Amino acid sequence: MPNGPWWKPRYARGATRFAAVAAVLLATLPGTAAARSTAATHPEPVAGGPGVGDRLFPYAGNSGYQVAHYDIKLRFAAQTGVINATTTLSAMTKVSLRSFHLDFHRLRIDSLTVDGRRSAYHRAGDELVIRPAHPLARHARFTVVVRYHGVPKTIIDPDGSQDGWVKTPDGADAVSEPVGAMSWFPCNNHPLDKATYRISLDVPAGLVAASNGRLIRHTTHHPRGIWVWAENAPMTSYLATVSIGRFRQVTTHAGPIRIRSFIDPLTGSVTHTKHIRNALRFLTATYGRYPFADAGIIVDTTGVGYALETQTRPTFDGGTDVQTLVHELSHQWFGDSVSLRRWQDIWLNEGFATYSEWLWQARLHPRAPQRNFNRLYMIPASSGFWTIAPDNFTDPAQLFSGPVYARGAMTLQALRDKIGSAAFFKVLRSWVRQHAYGHGTTEQFRRLAEHVSGQDLRHFFHVWLDESTKPTAW
């Protein structure tokens, strides 16, 4: 990434109790066959939409259904980069559907079934449009199985960054924010749709295959190795990852949390793992219980130029420092557990993670957050820094721009100064507790801050987050 002003981010992007979530949800809904038998009592089936209407990515995600679970089985050929994969989606309808969409980028489909029956489908760009043999009734559970193969193509984002499946010198990595997940598996590709995951990776025996959550099984049947991972807490598609390469594994614990890290021995170092436990202890003391059962990091040579907060196991390109480590681990609370409802609310991820860095600095320099705020506030009002409102921009190329990170963190420091530290940290802890494993919006955060502080904060949040000018009074 090109060098820029000092306030530019160094990175362009910033359990058991969950195991039965999908099963319980599915079990509470009527069975597919029974629902179809009563379809006459429901409105006529409709065509599901090709997007959820996100202002920045209108065709991300799909309407009409919700995925409960993804089961991905993927075989990787190191010599050619070809994958042969099967993705099974367990989902439920929100309305009666005669057709529905999945997001899927380029890979060739070998077969596709809905509830065990071959289904008609066609492709329109990155939209995979499926017409089941029979319409799906409202509140029906259904299963889609897609078998496919090919060499996944990296997606180039509006800001020019690489996104999705990325070839590495000894394998491949999946770093999928914001829309790259569709480069390696068919999905409902928007943060609104969170699901549980089981990812099985079949790779040459000399390679290691890392992913999210807990390592369920690793077996070797020469010349192949099988790595099976499960993430039983709800996860958005862009946070799902696969990292295949010649990694050194480092395992430890922080209390009940399993820490399993994967380090590229050519560019990374096991010293990158030494701060994980301290960072997790600090973040837990600040925000409350770590949201997941597993933790760790992946350090690989991806060439993308950024780190990504892939759930339970953030990914770093070539190495990291403690500040960046704290940033990405704090996303496990802000972004991974509490996720976005719309991409414009990205400051709820990146502003909070940047402020976590400031709080880490405050361990040694208590006034660091205020000093960082003051330094940024000295930027002249004529600077482009102030023209991007963190919660009110329309260009997707600005999604990971410096002001989203820095002005977002400034908003939090200004809020702390306005309502006091005790109320401020109560707001943050309440936020991650109330919205755990779900979603949150800026409006909900404002209402929570008003409830805790007893203050009317509409003007405050408007000038800091919505106006494309330098705040002067709040």
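On a predicted model such as this, the values are computed, not experimentally measured, just so you know.
Annotation: F400 is not in aromatic contact with Y306 [ring centroid separation under 6.0 Å not met].
Inter-residue side-chain proximity for I298 and S261 is flagged as unmet; no heavy-atom pair is nearer than 4.5 Å. Considering only heavy atoms from C-beta on, T87 stays 4.5 Å or farther from D71 through its side chain. Looking at F142 and S90, their side chains never come closer than 4.5 Å, going by heavy atoms from C-beta outward. Using a 4.5 Å heavy-atom threshold, the side chains of E467 and H462 count as touching.
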Item to check | From CA spacing to verdict: salt bridge (charged side-chain N to carboxylate O under 4.0 Å, His left out), E443, R446 | outcome: CA-CA 5 Å; E443 176 64 16; R446 176 185 67 80; 2.4 Å; yes
Checklist entry - What's the verdict on salt bridge (charged side-chain N to carboxylate O under 4.0 Å, His left out) for D294 and R214, showing C-alpha distance, side-chain angles and the deciding distance? => result CA-CA 6 Å; D294 299 87; R214 183 181 181 186; 5.6 Å; no
Checklist entry - Would I199 and V242 satisfy side chain to side chain contact (heavy atoms under 4.5 Å, CB included), going step by step from the backbone distance to the final call? => result CA-CA 9 Å; I199 300 176; V242 167; 4.2 Å; yes
Checklist entry - When you look at V299 and F247, which way does the side chain to side chain contact (heavy atoms under 4.5 Å, CB included) test go after all the steps? => result CA-CA 9 Å; V299 178; F247 295 116; over 6 Å; no
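The heavy-atom pair separating Y238 from G335 by the smallest distance is OH-O, 3.9 Å. In this structure, V179 and D163 approach most closely via the heavy-atom pair N-OD2, 3.1 Å. The minimum heavy-atom distance linking S119 with T113 is given by the pair OG-C, 4.2 Å. Residues L457 and A449 approach most closely at CD1-CB, 3.6 Å, considering heavy atoms. N212 approaches T310 most closely through the heavy-atom pair ND2-C, 4.0 Å. When all heavy atoms of N62 and L102 are compared, the pair lying nearest together is ND2-CA, 3.7 Å.
For R458, the CZ atom is loosely surrounded, since the number of other residues' heavy atoms within 6.0 Å does not exceed 12. Heavy atoms of other residues, nucleotides or ligands lying less than 6.0 angstrom from CZ of R341 number 12 at most. When the shell of 6.0 Å around OH of Y59 is examined, it contains 12 or fewer heavy atoms from other residues, nucleotides or ligands. Atom NE2 of H451 sits in a sparse spot, with 12 or fewer heavy atoms from other residues, nucleotides or ligands closer than 6.0 Å. Heavy-atom contacts from other residues, nucleotides or ligands closer than 6.0 Å to CZ of R246 number 12 or fewer.
Using the six-membered ring where Trp is involved, W227 and W229 have ring planes that are parallel, under 30° apart on the 30 and 60° scheme. Aromatic ring orientation, W347 versus F461: tilted (interplanar angle from 30° to 60°). Taking the six-membered ring for Trp and thresholds of 30 and 60 degrees, W165 and W184 have ring planes inclined between 30 and 60 degrees apart.
Remark: the D336 side chain and the H331 side chain contain no N/O donor-acceptor pair separated by less than 3.5 Å. Side-chain contact, S468 with W386: no donor N or O sits under 3.5 Å from an acceptor N or O. With 3.5 Å as the limit, one finds a donor-acceptor pair spanning the side chains of Q311 and E231. In this structure, a donor-acceptor pair under 3.5 Å is absent between the side chains of K153 and S183. Using modelled atom types and a 3.5 Å distance limit, the side chains of D300 and S243 yield no donor-acceptor pair. Judged by distance alone, the side chains of D193 and N188 do bring a donor and an acceptor atom under 3.5 Å apart. Checked by atom type, the side-chain pair T411/Y355 shows no donor-acceptor distance below 3.5 Å. Judged by distance alone, the side chains of H69 and T196 do bring a donor and an acceptor atom under 3.5 Å apart. Between the side chains of S237 and N189, at least one donor-acceptor pair of N or O atoms lies under 3.5 Å. When only modelled atom types and interatomic distance are considered, R342 and H190 share no side-chain donor-acceptor pair under 3.5 Å. For D173 and T302, the side-chain atoms include no donor-acceptor pair closer than 3.5 Å.
Panel note: side chain R313, backbone R260; a donor-acceptor pair is recorded below 3.5 Å. In terms of modelled atom types and a separation under 3.5 Å, the side chain of S99 and the main chain of R131 share no donor-acceptor contact. At distances below 3.5 Å, at least one donor-acceptor pair connects side-chain atoms of K194 with backbone N or O atoms of S337. Side-chain atoms of T241 never come within 3.5 Å of backbone atoms of V175 as a donor-acceptor pair (strictly under, hydrogens ignored).
For the ring-ring contact (aromatic ring centres under 6.0 Å, His included) test with Y148, the passing option among F185, F104, Y121 is F104; the others fail.
The structure places CZ of R407 at 10.5 Å from NZ of K470, a figure rounded to the nearest 0.5 Å. For the atom pair L340 CG and D345 CG, the distance stands at 6.5 Å (nearest 0.5 Å).
Salt-bridge check for D110 with R147: failed, with every basic side-chain N at 4.0 Å or more from each acidic carboxylate O. A salt bridge is absent between E127 and R123; no separation between the charged side-chain nitrogens and carboxylate oxygens falls under 4.0 Å.
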